[in-house]
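Each remark here refers to the structure printed beneath this line.
Please read all numbers here as calculations on a predicted model, not as lab measurements. A, B, ... follow the sequence lines: proteins, then strands. Residue 1 opens every chain.
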Protein chains: 2
Amino acid sequence: MSKILIVEDEQAMMIGLRDNLEFEGYEVHTADRGDDGLKKILSGNYNLVLLDVMLPGMSGFDVCKKTRAADIETPIILLTARGEELDKVLGLELGADDYVTKPFSLRELLARIKVILRRAGGSVQKDADLITIGNIRVSFESYEAFNASDEPVKMSHKEFEILHYLCSHHGKIVTRDDILDQVWGMDYQPTSRTVDNFIVRLRNKIDTPENQHIITVHGVGYKLVL
Amino acid sequence: MSKILIVEDEQAMMIGLRDNLEFEGYEVHTADRGDDGLKKILSGNYNLVLLDVMLPGMSGFDVCKKTRAADIETPIILLTARGEELDKVLGLELGADDYVTKPFSLRELLARIKVILRRAGGSVQKDADLITIGNIRVSFESYEAFNASDEPVKMSHKEFEILHYLCSHHGKIVTRDDILDQVWGMDYQPTSRTVDNFIVRLRNKIDTPENQHIITVHGVGYKLVL
DNA sequence: TTGCTCGATGACAATTCTGTGACATCTTGT
DNA sequence: ACAAGATGTCACAGAATTGTCATCGAGCAA
């Protein structure tokens with residue numbers, strides 16, 4: 001679970017933020033002075049910092065600057081009361097990762113927090129095994145495929161395996177022999193014509209009118225582009 | 001150098017952005033339709049995307065969503081004309097990394113770009129095997145070639161092989177027989193006229209008006225200069 | 001058994017790539 | 001400058017590759 005530090009001197013604001021973030025499942029810590037906040041940030045113990053600009057002890061700008069000067073890369077979102085652009089830019093140039101201007105909407109702040117935590121390599125996994133390829137979304141774990149309207153798309157076992165192989169090498173070229181070796185095995189192999197036929201079937205399922213995802217590389221093989 | 005893609009249909013806006021970003025030292029590419037933009041983004045060739053929300057072809061939201069669905073993590077900054085919060089949140093939840101609301105200040109946008117590029121650690125590693133030769137960039141691994149505008153260039157298998165051989169001996173002189181031996185093999189070999197013909201085809205694709213990259217060494221063979 | 005699906009194959013069409021000759025143009029040596 | 005040889009360039013026919021369809025048989029379930 002992500003740990004968030006709130007550095008904010010206005011009691012009401014701080015409590016509101018804390019409660020909401022805790023409700024969202026974050027672990028929340030607080031500081032109400034700039035210098036205290038800096039000390040905590042420098043411990044490197046947080047995944048994210050919400051930092052007010054107007055603070056007793058030390059301004060948010062200075063906290064930010066000193067944090068970066070100390071080579072601490074903890075993401076920082078600035079909370080500023082003034083809507084002036086100068087503040088924004090200054091903040092970002094000082095090393096902040098984002099800012100919101102008071103009054104801000106909670107939904108927006110939460111969205112921004114999510115974005116930054118995700119980007120920081122956080123722990124938001126996505127639908128992991130549902131991969132979108134052209135027209136369809138495929139799960140290789142459950143051998144299911146769905147079209148744009150979420151209706152199931154029928155795919156045979158071999159079709160899944162071939163698509164899976166193409167997927168795991170997407171962007172790279174795969175020869176017919178590669179496919180035969182991987183999907184059918186070294187011992188028994190049908191004609192390479194068979195591969196072409198499966199490619200046709202896959203194309204019918206995943207290609208959109210505008211985009212062809214399985215590219216023929218003449219004289220070499222095929223290539224899947226996502 | 002960071003490569004930035006601008007997806008924007010308003011000419012004036014696009015030109016303004018492009019010029020300013022180029023002035024800042026970024027390599028800028030453009031697209032004026034949502035679907036075209038998506039195609040380019042999916043190539044994974046960019047460090048950052050500036051994406052307008054209102055676009056012909058496909059909305060910025062959809063482009064964003066599809067990009068993330070395809071597991072491409074290229075950072076995206078949304079450009080939105082409407083100041084509505086819903087847009088912002090929606091955009092961020094769809095996987096955008098940031099947004100600015102038109103009209104935005106250039107300084108702010110530049111600051112945000114810097115922040116994101118800094119955070120992304122700033123390099124597209126796909127360029128690893130992308131070699132630039134004159135007009136085009138070539139990947140011998142994936143048998144792809146792109147021109148200056150990042151549009152794919154068609155190249156046949158033999159063309160790739162010959163260019164590959166020239167590349168691996170760039171700066172040195174290569175005789176026609178060398179090429180025939182390497183590309184066609186010792187046993188079967190066409191006329192040496194055939195080589196000339198392929199050289200012509202390659203030249204048409206890679207030479208720029210100012211620079212000839214495949215040099216004829218009269219009486220001996222050819223030489224590739226990068 | 002019957003009816004179904006899937007894998008495999010071959011035939012043919014469609015497409016793309018190669019190789020060649022003819023002729024224009026250039027380079028070199030005289 | 002001239003001739004001889006080398007190279008540039010183009011269009012086209014044939015070769016090679018790939019797309020697509022119809023079909024057949026094996027395996028499986030009802």
Can you tell me the distance, in whole Å, between the CD atom of A:Glu159 and the P atom of C:dC6? 8 Å
In whole angstroms, how far is the P atom of D:dT7 from the CD1 atom of B:Ile179? 11 Å
Looking at C:dG7, I'd like to know if its phosphate oxygens (OP1 or OP2) sit under 4.0 Å from a side-chain N or O belonging to A:Trp184. no
Measure the distance from CD1 on A:Ile215 to P on C:dT15 and round it to the nearest whole Å. 17 Å
Without decimals, in angstroms, what is the distance between B:Leu202 CG and D:dT9 C1'? 14 Å
Check whether any side-chain heavy atom of B:Leu48 sits under 4.5 Å from a side-chain heavy atom of B:Tyr26, and report yes or no. no
Does A:Ser168 have any side-chain contact (heavy atoms from CB on, under 4.5 Å) partners at least two apart in sequence or in another chain, and if so, which? A:Tyr165
Whole Å only: how far is the NZ atom of A:Lys154 from the P atom of C:dC4? 12 Å
For A:Cys167 and A:Ile133 the tightest heavy-atom approach is SG-CD1, 3.3 Å
Rounding to an integer number of Å, can you tell me how far A:His157 NE2 sits from C:dC6 P? 12 Å
Rounded interatomic separation in angstrom, taking CD from A:Glu161 and C1' from C:dA8: 16 Å
Each nucleotide of nucleotides 17-30 of chain D classed B (base within 4.0 Å of a protein heavy atom), S (only sugar-phosphate) or -, in 5' to 3' order, makes SBBBB---------
So, A:Thr194 versus A:Arg176: side-chain donor-acceptor pair below 3.5 Å or not? no
Cut-off 3.5 Å, side chains only: do B:Glu144 and B:Ser142 have a donor facing an acceptor? yes
B:Ile173 has an atom CD1; how far is it from atom P of D:dA6, in whole Å? 16 Å
For C:dA8, does OP1 or OP2 lie under 4.0 Å from any side-chain N or O of A:Thr191? no
Answer yes if the side chains of B:Glu27 and B:His29 hold a donor-acceptor pair under 3.5 Å, and no otherwise. yes
